[in-house]
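Not measured: the values here are computed from a predicted model. These values consider heavy atoms only, across backbone and side chains, with no hydrogens, waters or symmetry-generated copies. Starting from 1, each residue takes its place in the sequence as its number. Ligands are counted one by one from 1 in listed order, and the atoms in each one are counted from 1 as well.
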Amino acid sequence: MLTIYSDDHHLHHGKYELIDGQLTPCFEKPSRADMVLARAQKVKLGEVAAPREFGLAPILRVHDEGFVHFLKDAWTEWQAMGRDYDMLPFTWPNRRLRQTIPDCIDGKFGYYSFDAGVPITAGTWQAVSSSVNVALTGQAELAKGARGVFSLCRPPGHHAAADYMGGYCYFNNAAIAAQAMLDQGASRVAILDVDYHHGNGTQDIFYDRADVLFTSIHGDPRFEYPFFLGYADEKGEGVGRGFNFNYPLAAGSDWSAWSLALAAACRQIAAYAPDALIVSLGVDTFKEDPISQFKLDSPDYLRMGEVIGALGLQTLFVMEGGYAVEEIGINAINVLQGFDSVT
Ligand code: OKS
Ligand code: ZN
């Protein structure tokens with residue numbers, strides 16, 4: 001399988017995030033993608049290609065213009081305040097607060113985010129733009145006829161909605177790739193989000209649409225981030241009703257429970273008969289993941305890839321989460337090798 005990868009992700013390396021009330025070194029760090037790339041090369045998964053530049057147009061098909069320009073100019077505005085350390089937001093427009101866009105950078109950051117898990121550094125814009133290009137280059141290869149392509153995106157994207165970021169995610173790489181497929185003539189695209197966390201951003205972007213089916217298997221939001229979306233009764237709205245499916249699972253879920261949800265999601269995807277499938281590939285479902293509570297083991301990821309491959313669809317894998325850095329390469333690449341083994 002072809003992998004799309006850029007070193008530009010190294011330009012994004014936040015220092016701290018808030019976990020359990022403590023400022024902690026960021027779990028979402030450059031070594032994650034380095035380990036996945038190293039494993040792809042070690043097992044000779046296939047060619048590794050650099051992304052092409054797609055510019056802002058495909059991003060603006062999904063994201064709000066004010067949001068995109070906020071992200072583009074944020075570091076410059078921050079520096080103009082005499083600050084040279086990581087940006088973090090700290091105030092959000094909660095219930096009964098005004099949904100207005102303040103002039104100052106701190107106010108704007110709160111407006112365009114939903115948590116403090118999105119540090120902005122000097123290289124963040126370059127890294128997040130490049131991550132989108134990695135997804136779009138993979139999409140272009142799929143459009144040319146590839147059966148499967150791996151977009152090794154970093155930073156990840158599935159928590160980012162049209163006009164807000166959060167949870168290590170800035171631009172929604174998978175959603176931008178899905179919209180590009182539709183814009184190039186696809187009628188229906190399915191997204192399967194296997195990351196441990198609910199893909200709230202992707203769900204929100206396509207919630208009122210029937211041309212994208214969104215399915216997600218994740219830690220039950222009653223106990224797990226992002227807490228405020230990802231419940232089983234979220235089925236879509238308007239013409240999008242019946243095109244959104246969530247499988248929240250209990251803490252401690254292993255492959256036996258997880259694979260039942262996968263089988264159900266795959267039945268829905270098959271019934272939808274999409275032109276292509278996008279997999280939001282997070283491997284934070286792993287038993288040793290430091291911030292997650294599922295119990296998948298490394299061989300389970302081979303099975304995951306086989307089940308996804310058995311759908312027989314053209315499939316774009318887009319990297320999302322996974323923080324057990326020692327095993328992230330083995331686990332992510334196992335999914336792709338499992339997929340390749342049935343094609
Ligand atoms: C707290 C971050 C909470 C978890 C963020 C989860 C990111 C992730 N600062 N999403 O898939 O892996
Ligand atoms: Zn995750």
Side-chain angles (χ1 to χ4, degrees), residues 9 12-33 35-36 86-90 92 109-110 113-120 128 131 135 152-161 164-175 191-205 214-230 246-249 251 253 258 278-296 301 304 317-325 327-328 331-332 335:
H9 74 86
H12 175 70
H13 188 183
K15 286 193 175 60
Y16 299 112
E17 66 176 295
L18 260 178
I19 293 231
D20 302 340
Q22 295 187 300
L23 267 184
T24 308
C26 288
F27 283 98
E28 203 296 289
K29 54 191 176 190
S31 56
R32 298 178 54 251
M35 291 295 274
V36 177
D86 288 12
M87 298 176 64
L88 284 174
F90 61 90
W92 295 275
F109 205 170
S113 61
F114 76 105
D115 65 38
V118 278
I120 294 177
V128 300
S131 194
L152 211 182
C153 292
R154 180 182 172 269
H158 71 151
H159 296 305
Y164 61 81
M165 54 196 147
Y168 317 159
C169 299
Y170 302 78
F171 286 142
N172 194 315
N173 306 308
I191 300 177
L192 171 64
D193 190 324
V194 299
D195 187 280
Y196 172 75
H197 304 92
H198 177 246
N200 62 284
T202 316
Q203 169 171 312
D204 187 61
I205 287 164
F214 179 71
T215 57
S216 180
I217 307 165
H218 49 267
D220 192 325
R222 285 179 298 180
F223 74 85
E224 189 53 86
Y225 179 93
F227 304 113
F228 306 107
L229 213 60
N246 285 323
Y247 295 91
L249 301 181
S253 291
W258 200 94
I278 296 178
V279 177
S280 267
L281 179 59
V283 291
D284 37 12
T285 47
F286 184 52
K287 60 180 180 159
E288 311 280 3
D289 193 273
I291 63 169
S292 308
Q293 301 191 56
F294 283 174
K295 298 287 172 222
L296 269 58
Y301 294 96
M304 187 187 297
F317 292 89
V318 175
M319 194 72 212
E320 302 282 1
Y323 309 98
V325 176
E327 295 94 345
I328 186 176
N331 294 340
V335 176

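- Applying the ring-ring contact (aromatic ring centres under 6.0 Å, His included) test to Tyr301 and every residue at least two apart in sequence or in another chain returns nothing.
- For the residue pair Asp195 / Ser280, no side-chain donor-acceptor distance below 3.5 Å is found, with atom types taken as modelled.
- Nearest N/O/S atom of Asp195 relative to the Zn ion (ligand 2): this is OD1.
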Distances only, to 0.1 Å: what are the N or O pairs between ligand 1 and the protein that fall under 3.5 Å?
unit_1	atom_1	unit_2	atom_2	d
ligand 1	9 (N)	Glu17	OE1	2.9
ligand 1	9 (N)	Leu18	O	2.9
ligand 1	10 (N)	His158	NE2	3.3
ligand 1	10 (N)	His159	NE2	2.6
ligand 1	10 (N)	His197	ND1	3.1
ligand 1	11 (O)	His158	NE2	2.5
ligand 1	11 (O)	His159	NE2	3.2
ligand 1	11 (O)	Asp195	OD1	2.7
ligand 1	11 (O)	Asp195	OD2	3.2
ligand 1	11 (O)	His197	ND1	3.1
ligand 1	12 (O)	His197	ND1	3.0
ligand 1	12 (O)	Asp284	OD2	3.1
ligand 1	12 (O)	Tyr323	OH	2.6

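- Residues His198 and Gln203 have side chains that bring a donor and an acceptor to within less than 3.5 angstrom of each other.
- Expressed to the nearest 10°, the angle at the Zn ion (ligand 2) joining OD2 in Asp284 with ND1 in His197 is 100°.
- Trp258 and Thr285 share no side-chain donor-acceptor pair at under 3.5 Å.
- Taking both residues in full, the closest heavy atoms of Pro119 and Cys26 are given as CG-SG, 4.2 Å, listed atom of the first, atom of the second, then distance.
- Partners of Tyr164 by ring-ring contact (aromatic ring centres under 6.0 Å, His included), not counting sequence neighbours, listed by chain and number: Phe114.
- With sequence neighbours excluded, the residues that form a salt bridge (Lys or Arg N to Asp or Glu O under 4.0 Å) with Asp220 are Arg222.
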